[in-house]
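Just below is one structure, and these are the notes that go with it.
Keep in mind that this is a model prediction, so the values were computed, not measured.
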Number of protein chains: 2
Amino acid sequence: MSAGHMAVTTGPAPGPEPEPVVSCAPPHDDCGIRDVLDRLGDKWSVLVVVELASGVRRFKELQRAVDGISQRMLTLTVRRLERDGLVSRTVYPTVPTQVEYELTELGHSLTHLIKALAGWSLDHRAAIAGARRAWDEAAG
Amino acid sequence: MSAGHMAVTTGPAPGPEPEPVVSCAPPHDDCGIRDVLDRLGDKWSVLVVVELASGVRRFKELQRAVDGISQRMLTLTVRRLERDGLVSRTVYPTVPTQVEYELTELGHSLTHLIKALAGWSLDHRAAIAGARRAWDEAAG
DNA sequence: CAGAATCCACAACGATACTG
DNA sequence: CAGTATCGTTGTGGATTCTG
């Protein structure tokens, strides 16, 4: 920590243990993480999955539940989730068309991940908020 | 499953158990997940964190390691990570400026999450790829 | 080396209108 | 009800140039 003010350019650092963390194919295959992150990272997918985790939902029900989402984005989101095999779509040939969305097994398994994510967020949201505040007031 | 072709509009569904998954404040506070996802969801943050998980890195080292990332994006990514308290930045007053980046404790704790993410990705990447292939060839 | 600044291309998203 | 189609806005990322 106290490096003083001198720092040789050839300081290879005594590196304790280089943990692998992901260890896929070099240089950076990133495994299939990008695929998952593409779905997790967009604005609505997580919220839709969370809502569907509680059970089967119709299109309109989903839209009401997520609130803030437009028909367009709900359609796109649910289509991508379906394409990735996370959500199943069932159409009923009723007079006003009726469609039901449901998590597949794969989708439910993703639920565990989201839970872990939510847990970490809750555990550290204060720390993150504090760090941001400190940063912003230090040099905003 | 076999609903045949009849489906009354008033089908409340026998819903087994509505799992909460996140259970924050209604309607959809999404806890602090969005904050984490904003950092996890962008194109480079995860890769940078993964690289830093192996130890201290200089700017150029990071750029070489991540490969594909531009100076601009590396700067932005590392700044955001620093703002969120996930990465610490140390400047050495040498002739050619030298800067070292390192994960903070908070950053290291995020590593566990990324590990979980990578694990899930590896476990299901085949399933996802298969679902996409099926979808694309069914109606691309 | 480490970055700030500028410009530009494109993708994501939102609002609106229309259809089966 | 459950979408599709179109348009305009915004945000994100890449390439390039310049500085301490």
(message) For DNA chain D, which residues of residues 74-90 of chain B approach it to below 4.0 angstrom with any heavy atom?
(response)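 Within this stretch, B:Arg80 sit under 4.0 Å of the strand.
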
Under 3.5 Å, is there a donor-acceptor pair between the side chain of [X] and the main chain of [Y]?
X	Y	result
A:Arg34	B:Lys43	yes
A:Ser45	A:Leu40	no
A:Ser109	A:Leu106	yes
B:Thr104	B:Ser88	no
A:Glu82	A:Arg79	no

(request) Please round to 10 degrees the angle between the axis of the first five pairs and the axis of the last five pairs in the helix from C:dC1-D:dG20 to C:dG20-D:dC1. (result)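 Between the axes fitted at each end of the helix from C:dC1-D:dG20 to C:dG20-D:dC1 lies an angle of 40°.
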
Length of the [atom1]-[atom2] vector between [X] and [N], whole Å:
X	N	atom1	atom2	answer
B:Arg57	C:dA2	CZ	C1'	17 Å
B:Arg72	C:dT6	CZ	P	12 Å
A:Gln71	D:dT4	CD	C1'	11 Å
B:Phe59	D:dG20	CZ	P	18 Å
A:Met73	D:dA5	CE	P	16 Å
A:Tyr92	D:dA2	OH	P	12 Å
A:Trp44	C:dA12	CH2	C1'	12 Å
B:Lys43	D:dT12	NZ	P	13 Å

(message) Please check if the number of heavy atoms outside A:Glu105 that lie under 6.0 Å from its CD is greater than 12.
(response) no

(message) Check the phosphate of C:dC1 against B:Tyr101, side-chain N and O only, distance under 4.0 Å to OP1 or OP2. Yes or no?
(response)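 Checking C:dC1 against B:Tyr101, no side-chain N or O comes under 4.0 Å of OP1 or OP2.
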
Looking at [X] and [Y], what are the two nearest heavy atoms and their distance?
X	Y	answer
A:Val36	B:Ser121	CG2-OG, 3.0 Å
A:Leu52	A:Tyr101	CD2-O, 3.5 Å
A:Thr94	A:Pro96	OG1-O, 2.7 Å

(message) Given D:dC1, D:dG13, C:dA2, identify the nucleotide with an atom nearest to the side chain of B:Arg58.
(response)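 The answer is C:dA2, which lies nearest to the side chain.
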
(message) For A:Asp42 and A:Thr97, find the nucleotide of DNA chain C closest to each by heavy atoms; which residue's nucleotide sits nearer the 5' end?
(response)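 Comparing both residues, the 5'-ward one is A:Asp42.
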
